[in-house]
Amino acid sequence: MPGADEVDEEEEMPLSLRLSIADTLTLGNATCGFMAVYFTTTGILIPHLTGSEESGMARHSAATAVILMLCAAVFDLFDGLVARKLRSSPMGAELDNLSDLISFGLAPAYFVLVYGMVANDAHQRVAAVGAIVVLLAVVLRLARFSCVSVPNGMFQGMPSPFGALTVVSIVLLELPFVATLLAILGTAWLMVSRVEYPKPRGRLAIAMLSWIVMSMGLLAAWAFEAPSGQLLLQTGCALQLVMGAVIPLFATARRVNNFRGNRREARAAQLP
């Protein structure tokens with residue numbers, strides 16, 4: 001019977017081809033990354049190449065592209081939580097890495113590349129080198145994440161979503177070109193370094209989600225030229241950079257305190 005054949009084919013579908021809820025969120029992550037590239041191209045690069053002077057359109061498109069990267073970070077945050085609570089498919093880890101490469105590797109690297117083409121004091125070829133470094137840093141980080149086990153609750157190196165948002169924050173700060181390039185290269189180094197960053201779980205996940213929502217508000221205020229919108233955006237971008245530098249210090253301090261506590265316990269155990 002045709003109906004019975006269809007049921008048998010569905011039951012025999014390999015588990016690796018069945019998408020879970022977490023996988024759907026991961027695909028949302030990839031979609032946001034691709035659309036960020038789209039808005040960067042159509043709203044910033046093409047108007048610049050065609051000689052359009054619509055600065056408002058470029059501002060809206062830049063804000064939209066960064067907001068889409070923030071949305072990708074939200075999807076990346078929730079797909080892990082959902083996978084732990086429910087289930088993940090056998091290809092969940094591969095989907096996550098591929099989506100992260102698009103949203104937090106290609107999209108921010110392309111943002112840097114376009115910045116090098118449209119900014120007045122930028123050097124296109126040097127900016128292209130910086131963009132390549134960002135992309136390769138994310139590729140290496142994701143490959144290492146798949147192969148290297150780290151202590152529970154910690155990341156080795158700056159997480160790629162945090163690194164991508166830090167890179168675009170550096171660009172939006174509108175610093176001199178040399179300072180911008182050095183800060184971007186420093187962020188790329190942090191992503192492939194062994195500096196430890198805590199995983200966003202529990203209260204830290206709530207804090208990260210709140211920061212993302214607030215960042216979206218700052219970008220919207222800047223895009224629509226709200227009073228002090230430029231100042232608010234630059235303050236938010238500066239805070240993003242400060243957090244990127246300060247968060248690993250807390251992780252290092254906790255590790256040092258744990259090491260000292262273990263030494264004290266070992267000495268106490270040796271005493272009669």
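We're numbering straight along the sequence, starting at 1.
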Pro47 and Thr41: which non-hydrogen atoms are nearest, and at how many Å? CD-O, 4.2 Å

Mind checking the CG-OG1 spacing from Asn29 to Thr24? Nearest 0.5 Å is all I need. 12.5 Å

Out of Asn97, Asp76, Asp79, Thr31, which residue meets the side chain to side chain donor-acceptor pair (under 3.5 Å) rule with Thr26? Asp79

For the side chain of Arg144 and the backbone of Val192, is there at least one donor-acceptor N/O pair under 3.5 Å apart? yes

Is there a side-chain contact between Phe111 and Val37 (heavy atoms, below 4.5 Å)? no

Atom CG of Leu219 and atom SG of Cys237: how far apart are they, to the nearest 0.5 Å? 7.0 Å

Decide yes or no for Phe155 and Pro198: does some side-chain heavy atom of the first lie under 4.5 Å from some side-chain heavy atom of the second? no

Is the side chain of Thr180 donor-acceptor paired with the backbone N or O of Leu175 at a distance under 3.5 Å, no angle test? yes

Taking every heavy atom of Pro176 against every heavy atom of Asp121, the minimum-distance pair comes out as CA-OD2, 3.8 Å

Tell me, with the steps shown, if Val171 and Ile184 meet side-chain contact (heavy atoms from CB on, under 4.5 Å). CA-CA 8 Å; Val171 174; Ile184 289 173; 4.2 Å; yes

Do the side chain of Arg141 and the main chain of Met158 share a donor and acceptor less than 3.5 angstrom apart? yes

Would you please test Trp222 and Gln234 for side-chain hydrogen bond (donor to acceptor under 3.5 Å, both in side chains) and show each step? CA-CA 9 Å; Trp222 173 68; Gln234 291 182 339; over 6 Å; no

Rounded at 0.5 Å granularity, tell me how far OG1 in Thr40 sits from CD1 in Ile46. 11.0 Å

4.5 Å side-chain heavy-atom contact, Leu239 and Trp211: yes

Are Met216 and Cys71 packed together at the side-chain level, in the sense that at least one heavy-atom pair is separated by less than 4.5 angstrom? yes

Do Leu173 and Leu233 have side chains that get closer than 4.5 Å, going by heavy atoms? no

Do the rings of Phe177 and His123 sit parallel, tilted or perpendicular, given the 30° and 60° boundaries? perpendicular

Test side-chain contact (heavy atoms from CB on, under 4.5 Å) on Met208 and Met243; report intermediate values, then the result. CA-CA 11 Å; Met208 180 178 176; Met243 287 193 298; over 6 Å; no

In terms of heavy-atom contacts, Ile102 and Phe34 come closest through CG2-N, 3.8 Å

Check Cys32 against Phe75 and note the closest heavy-atom contact, atom names and distance. SG-CE1, 3.7 Å

Considering only heavy atoms from C-beta outward, does the side chain of Ile44 approach that of Phe39 to under 4.5 Å? no

Please step through side-chain contact (heavy atoms from CB on, under 4.5 Å) for the pair Leu241 and Ser169, ending with a clear verdict. CA-CA 7 Å; Leu241 269 66; Ser169 296; 3.9 Å; yes

Would you say the side chain of Asp96 lies within less than 4.5 Å of the side chain of Leu142, judging by non-hydrogen atoms? no

I'd like to know if the side chain of Ser103 reaches the main chain of Met69, judged simply by a donor and an acceptor atom lying under 3.5 Å from each other, with no hydrogens or angles considered. no

Pair Asp100, Val138 - check side-chain contact (heavy atoms from CB on, under 4.5 Å), show working. CA-CA 9 Å; Asp100 287 354; Val138 175; 5.8 Å; no

Tyr197 (side chain) donor-acceptor with Gly244 (main chain) under 3.5 angstrom: yes

Would you check if the side chain of Ser193 reaches a backbone N or O of Leu190 as a donor-acceptor pair within less than 3.5 Å? yes

For atom CD1 of Ile21, decide whether the heavy atoms of other residues, nucleotides or ligands shown that lie under 6.0 angstrom number more than 12. no

Linking I/L/V/M/F/W/Y whenever their side-chain heavy atoms sit closer than 4.5 Å, directly or via other members, would Ile170 and Val66 fall into one cluster? yes

Phe224 side chain near Arg59 side chain, heavy-atom distance below 4.5 Å: no

